[in-house]
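Here's the structure, in structure tokens; my notes come after.
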Amino acid sequence: MRTMVKWNKDWLFCLGDAPEYSAPEACEENFRPQNLPHDWSVEYEPEEKEKTGGGGGYAKSGIGWYRKHFSLECVPEGEKLYLYFEGIYMDSTIYINGKKAGGHGYGYTSFHVDITPYVRAGENVAAVRVNNSLVPNSRWYSGSGIYRDVYLVRTDSVHFDHFGVRCGTNGIYPKQNQAALQICARVTNDSEAHANVGVLHRVYDAEGALVSTSGIAISLAPGETGDCMVRPTVEAPHLWTDEDPYLYTLESTVVKDGEAVDESSARIGIRTAAFDADRGFLLNGNTVKIKGMCVHHDCGLTGAVGYRESWERRLKELKEMGCNGIRCAHNPPVPVLLDLCDELGFLVMDEAFDEWLLAKNKTDNYYSENLAYGSSMFFPDHAKEDITAMLRRDYNHPSVVIWSIGNEIPEQSSADGVKLLKFLQDICHREDSTRMVTSACDNIAAVEPIRTSREFENALDVVGYNYAGRWRERAETFYEEDRMEFPKRRMIGTENPSAGGTRGDYSGKGRFGSYTNASMGHEALWRYTASHDFVSGDFLWTGIDYLGETRWPSRGAGCGPLDTAGFRKDTYYYFRSIWNKKAVTLHLAPSSWNFAGEEGSYKQVICYTNCDEVKLFINGKYVGSRGYECPRYGCVKAWNDGWEKRGRITTNDLHLSWDVVYEPGTLRAEGYKDGVLAAVEEVSTTGNAVQLSAKADRTELCADGLAQIELSALDEAGRFVPDACPEISCVVEGPAHLMGMDAGDLKDLSLYGNDHRKMFNGLLLALIQADAPGEVKVKFASENGLEAEVQLQVRG
Ligand code: GAL
């Protein structure tokens, strides 16, 4: 019977290279204990001299080795042993007892290594060489090392293939109140004898009730792998949607000679997903607009390591913002991200590559000494293996609604590009008959010779438009001209401008300009997308700030409404106001009224809201009323019918704006819906920070679990101080340790793992990992003597 155990503990690590590190008896004096997942790049401060450059976030690269001693009581005859690596960046070679057992180039696909022939009863040594020394090789921060989980998998000789059970929804039949599933199992007979086996599938609902049983027999010669398919029905299916992400569990078993010899478990959702040239994205047959965000894989202070807790906090924030889509830019993500998308209800675009055969520039000025480093190094020999790895691993996730075979692939304009496109798209179709395929094209309306070829566009199931609004005179018509020319074309905005900036910075000096126009890049396109069904939706660049793709002295790109620490910027509320229809949004920017020295000068006050009218006051004095509607409802006669009756000023922007003469005190906004006061927002001039507040996202956790503690600076009256930046130090008492702190300031280049860090505009995040059961005290102190404490309970 299959066992699958996490194999993250008790590794040794050394940054450096020596051929003898593969040998079981190698000298380990240069090695130190290391648990996985591990990213060695994040253990160093970014340095301008690093060859990873601005693209790679000036991160440390190099060659590193991991070693692990393990013992096996015995290796039973006929059993198979595998190591399963969810991700190693990059170019790894795996040795067992000194012999090469496998390896993997591309840094973002998961892979298995069959170690059966190399292990022995008694002591064994696994050694992994990771080569991230050919840099620059990435346009964003990649991290280095075994940065995702590792598992030891043991199976019987007759077993499911890796990711061998795949379940999709074959059809939903409302009249019959039934859904048909399509479950395909791939079974391998690694024994020396013929095997007649049965494959059983049981589907359980979220309460654990059995809702479907099916089975099929298959006969396998020695060494043979075979597929078998069943199409069971589920009565009264509870469908999975982005608003109600209901999950079932599929338990599958291989039975041989009356005995269960392998089993597999997967969470599944019953739903159909399709793209339509007229109706856009269809979830269970209904048009759903994708309000999506692109995310890179890093999680700020943990670098390339994406813990479940970190992604959960970040994704919940995006969900609360009204976002319902995630594009995994530009590579398959850590599996827990997809688990969370299944649970929280995100529509995912799972993407394979940023490069095919042609490499892209990797440095901040888009020039690099050696273009050829990067994933294109592995594409010629491993493209099929890598894309198949994504398709099989992620198949069962109901959240994944479309595959992307590439981002801004240079071949989109080359004569041979369409051949490669078809090669990849055909693999997707063969592996998965339920999902459509796109590629994110950035040159659809560019000039020759870089313009995307029409052949390339037309070969795609769904045409992915990157920055549709970028193309000058086409900018106002966006997708329109293409729809006229190709009425059957399915369209999705694969990448478009988000609304970034620096949290709490109102100087207007940053790369993203001023808070006064932060949302404008998105507004025009959204008005279009929201009101045209045939555009399936958008994925914006990006949902969260990320490391890399920057210029010195900065470590990352501030493209998102959330910073790297997961804190909300003002623009978060812009998206929330137009996307989250269930909650009332009323937010003022600046969200600080501490502008000493600027008395008497004009400040533009921006409001993001879904109230229909907002009245603004400064120190009790009425400034004015504003309102907007998008899309505009209830217009039955002329375009401007009814406006005069509403008696308020409206605007064509998706935000409101007033010019206010600055005076210290309180800005007060009153939001009205249908004439009734629905929300009040106040921004006041504060005093100095005299208190620290610390709030943990959880106070009970298991060993290895993470607690995320948000610190904020408060004044005497308990008001948030939006410009406080004191240095904070952290001490952990008890069986836990500090993993690092981040305040979202991309210009703070100090080590995330330090036990002290500057707050940035009133906020700081600390990440604590539990080691063993017991009581933990996390104590914070600021340089000016403020203190806060959080108690955590670690359970066994
Ligand atoms: C896009 C690209 C992204 C990122 C972005 C920067 O064209 O697909 O990976 O580079 O530009 O704004």
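What you are looking at is a predicted structure, and each value in this text was computed from that prediction instead of being measured. Whatever order the structure lists ligands and atoms in, that order sets their numbers, starting from 1.
- Look at R470 and E495 and you find no salt bridge, because none of the NZ, NE, NH1 or NH2 atoms lies under 4.0 Å from a carboxylate O.
- Partner of K569 under the salt bridge (Lys or Arg N to Asp or Glu O under 4.0 Å) criterion, out of D563, D505, D545: D545 alone.
- The shortest heavy-atom distance from Y467 to ligand 1 is under 4.0 Å.
- Every atom of ligand 1 with a heavy atom of H330 under 4.0 Å away is listed here by number and element: 3 (C), 8 (O), 9 (O).
- The shortest N or O to N or O distance between E549 and ligand 1 is below 3.5 Å.
- Heavy-atom proximity to E408, at under 4.0 Å, picks out these atoms of ligand 1: 1 (C), 2 (C), 7 (O), 8 (O).
- Within the 6.0 Å centre-distance limit, the rings of H522 and F575 are counted as a close aromatic pair.
- Contact check on R489 versus E457 returns a salt bridge, with a Lys/Arg side-chain nitrogen under 4.0 Å from an Asp/Glu carboxylate oxygen.
- Note that CZ of R555 and OG of S750 are 6.5 Å apart. Values are rounded to the nearest 0.5 Å.
- Residue W541 approaches ligand 1 through these ligand atoms, each under 4.0 Å from one of its heavy atoms: 3 (C), 4 (C), 5 (C), 6 (C), 9 (O), 12 (O).
- Residue N407 has at least one heavy-atom neighbour below 4.0 Å for each of these atoms of ligand 1: 8 (O), 9 (O).
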